[in-house]
Amino acid sequence: MTPQPLGPDSLTWKYFGDWRGLLIGLWAGSMQNLHPGLGAGVEQHSRFFEERWQRLFRSLYPIGGVVYDGPRAHRTALEVRGYHDRIKGVDARGRRYHALDPDTYYWAHATFFVSTILIADHFMGGIGEAEKRQLFDEHVRWWRMYDMTMRPVPESWEDFQRYWKHMCTDVLEDNKATRDVLDIRGLGKPPFLPWLPDPLWRPVQRVVARNFVWLTIGLYDREVRDLLGFRWTERDARRHRRFGKLVNALFTLVPHDRRYHPRARAGWRRERGEVAPGAPLVETPPRNLPPWTAVGGPGGSPPAGSGAGPRKQLRGASPSTTRRTSRRLS
């Protein structure tokens with residue numbers, strides 16, 4: 001039986017695709033990498049650190065699509081799962097890992113679920129226990145979209161809280177992949193700011209790096225802060241709360257649809273009848289694709305299975321070709 005996707009009546013739709021989710025991007029990446037299997041996979045297989053912005057914005061489209069693609073969400077989920085088929089190996093301590101190990105894959109999903117709570121609690125005015133229970137139930141439906149076993153999924157919201165505490169206390173490990181995610185001192189200019197001169201970006205980058213890491217530390221559970229050796233004071237907590245209230249106040253001035261990532265925005269528009277049900281899914285723009293020189297080089301060929309070609313060919317490709325290529329490169 002095909003799993004039933006979440007819809008506009010869900011809290012997950014309300015929170016997950018909101019642009020405020022970018023504020024917890026560093027939290028999500030580091031929390032995922034703290035898992036031994038995920039951290040090893042990133043260290044041995046990922047090129048994320050060569051193109052942080054582009055990889056982040058590419059990934060938002062299919063990951064968001066699992067929530068917002070409506071009748072096509074199941075297909076999107078299977079595509080996302082398929083990206084992880086060959087991510088496996090042996091870590092530095094001799095432990096085998098595979099990205100599709102159910103416990104490993106569920107941990108990544110659990111961080112997405114908890115991210116909806118953090119977005120709502122810190123940057124959207126806060127939510128209560130009833131809403132958290134609803135989000136838990138929705139995250140179970142969300143997980144079913146991947147056609148993975150239900151074995152690692154806790155039975156209830158209370159069980160999930162015990163699971164999360166256990167993971168933070170007994171399973172997560174400080175590792176190179178996590179430290180690399182948190183080290184954004186050399187963060188490049190975002191691809192959506194090509195007009196910004198490099199000399200102007202450098203001082204902005206220093207401010208962003210310092211404050212983004214501080215913002216992330218405030219989102220961690222105490223056990224994770226202790227694991228990573230971070231200090232957090234009551235003064236930090238007060239500043240963090242004030243910043244969250246400011247973000248929430250500013251977003252009240254933003255029109256509803258503009259608060260959402262393009263894939264989520266398309267979902268809202270489709271549900272209102274403003275977009276045809278079978279209209280092409282919104283895909284990442286070309287600026288977020290890897291530069292062809294990094295994939296194949298001038299006159300060279302892209303790696304087998306990458307689905308990539310020269311950038312200039314992508315620009316001349318049909319929309320359907322570009323969609324297929326961007327999915328494989330996510």
Quiz item: Judged by atom type as modelled, is there a donor-acceptor pair below 3.5 Å linking the side chain of Trp232 to the main-chain atoms of Gly218?
Solution: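 Side chain of Trp232 to backbone of Gly218, a donor-acceptor pair under 3.5 Å: no, none is there.
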Self-check item: N/O donor-acceptor pair under 3.5 Å between Gln4 side chain and Arg141 backbone
Solution: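 Side chain of Gln4 to backbone of Arg141: no pair is present.
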Under 6.0 Å from the [atom1] atom of [X], do we count more than 12 heavy atoms belonging to anything else shown?
X      : atom1 : value
Arg272 : CZ    : yes
Glu129 : CD    : yes
Arg259 : CZ    : yes

Would you check if there is a donor-acceptor pair between the side chains of [Y] and [X] at a distance under 3.5 Å?
X      : Y      : value
Ser30  : Asn33  : no
Asp257 : Trp268 : no
Arg72  : Thr76  : no

Close side-chain approach of [X] to [Y], heavy-atom, < 4.5 Å:
X      : Y      : result
Thr149 : Trp143 : no
Glu43  : Asn175 : yes
Thr233 : Arg238 : no
Thr104 : Tyr97  : no
Pro62  : Tyr83  : yes
Lys165 : Glu223 : yes
Leu78  : Tyr146 : no
Tyr15  : Ser10  : no

Quiz item: Yes or no on side-chain hydrogen bond (donor to acceptor under 3.5 Å, both in side chains) for Trp157 and Asp137, after CA distance, side-chain angles and deciding distance?
Solution: CA-CA 8 Å; Trp157 167 232; Asp137 292 340; over 6 Å; no
Between [X] and [Y], does the ring centre distance come in under 6.0 Å?
X      : Y      : value
His35  : Tyr105 : no
Trp19  : Tyr260 : no
His109 : Phe112 : no
His261 : Tyr68  : no

[X] with [Y]: basic N within carboxylate O range, under 4.0 Å:
X      : Y      : answer
Arg179 : Asp174 : yes
Arg151 : Asp103 : yes
Glu158 : Arg133 : yes
Arg96  : Asp101 : no
Arg93  : Asp91  : no
Arg231 : Asp226 : no

About how many Å separate [atom2] of [Y] and [atom1] of [X], when rounded to the nearest 0.5 Å?
X      : Y      : atom1 : atom2 : result
Glu274 : Arg270 : CD    : CZ    : 12.0 Å
His139 : Ser115 : NE2   : OG    : 11.0 Å
Arg55  : Leu60  : CZ    : CG    : 11.0 Å
Asp170 : His166 : CG    : NE2   : 5.5 Å
Trp195 : Leu200 : CH2   : CG    : 8.5 Å
Trp27  : Ile217 : CH2   : CD1   : 15.0 Å

Exercise. Considering non-hydrogen atoms only, spot the tightest contact between Arg52 and Leu187 and give its length.
Key: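 Looks like CD-CD1, 3.6 Å.
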Exercise. Mind listing the closest non-hydrogen atom pair of Arg81 and Leu100 along with its distance?
Key: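 Shortest heavy-atom contact: CG-CD2, 3.6 Å.
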Practice problem: Answer yes if Val181 and Leu228 sit in the same cluster of Ile, Leu, Val, Met, Phe, Trp and Tyr residues linked by side chain heavy atoms under 4.5 Å apart, and no otherwise. | Solution: yes
Practice problem: Given salt bridge (charged side-chain N to carboxylate O under 4.0 Å, His left out), test Asp69 with Arg263 step by step and report yes or no. | Solution: CA-CA 8 Å; Asp69 281 357; Arg263 191 75 162 245; 2.8 Å; yes
Mind listing the side-chain donor-acceptor pairs of residues 116-127 below 3.5 Å, one per line with the distance, residues two or more places apart or on another chain?
{"from": "Thr116", "atom 1": "OG1", "to": "Phe113", "atom 2": "O", "distance (Å)": "2.5"}
{"from": "Asp121", "atom 1": "OD1", "to": "Ile127", "atom 2": "N", "distance (Å)": "3.1"}
{"from": "Asp121", "atom 1": "OD2", "to": "Lys132", "atom 2": "NZ", "distance (Å)": "3.3"}

Self-check item: Residue pairs fulfilling salt bridge (charged side-chain N to carboxylate O under 4.0 Å, His left out) with at least one residue in residues 191-211, sequence neighbours excluded
Solution: Lys189-Asp198
Quiz prompt | Audit row: Ile63, Phe16, side chain to side chain contact (heavy atoms under 4.5 Å, CB included) steps and yes/no | solution = CA-CA 10 Å; Ile63 291 172; Phe16 186 64; 3.9 Å; yes
Quiz item: After noting the C-alpha distance and the side-chain angles of His74 and Asp147, does the key distance pass the side chain to side chain contact (heavy atoms under 4.5 Å, CB included) rule?
Solution: CA-CA 9 Å; His74 183 228; Asp147 285 353; 3.0 Å; yes
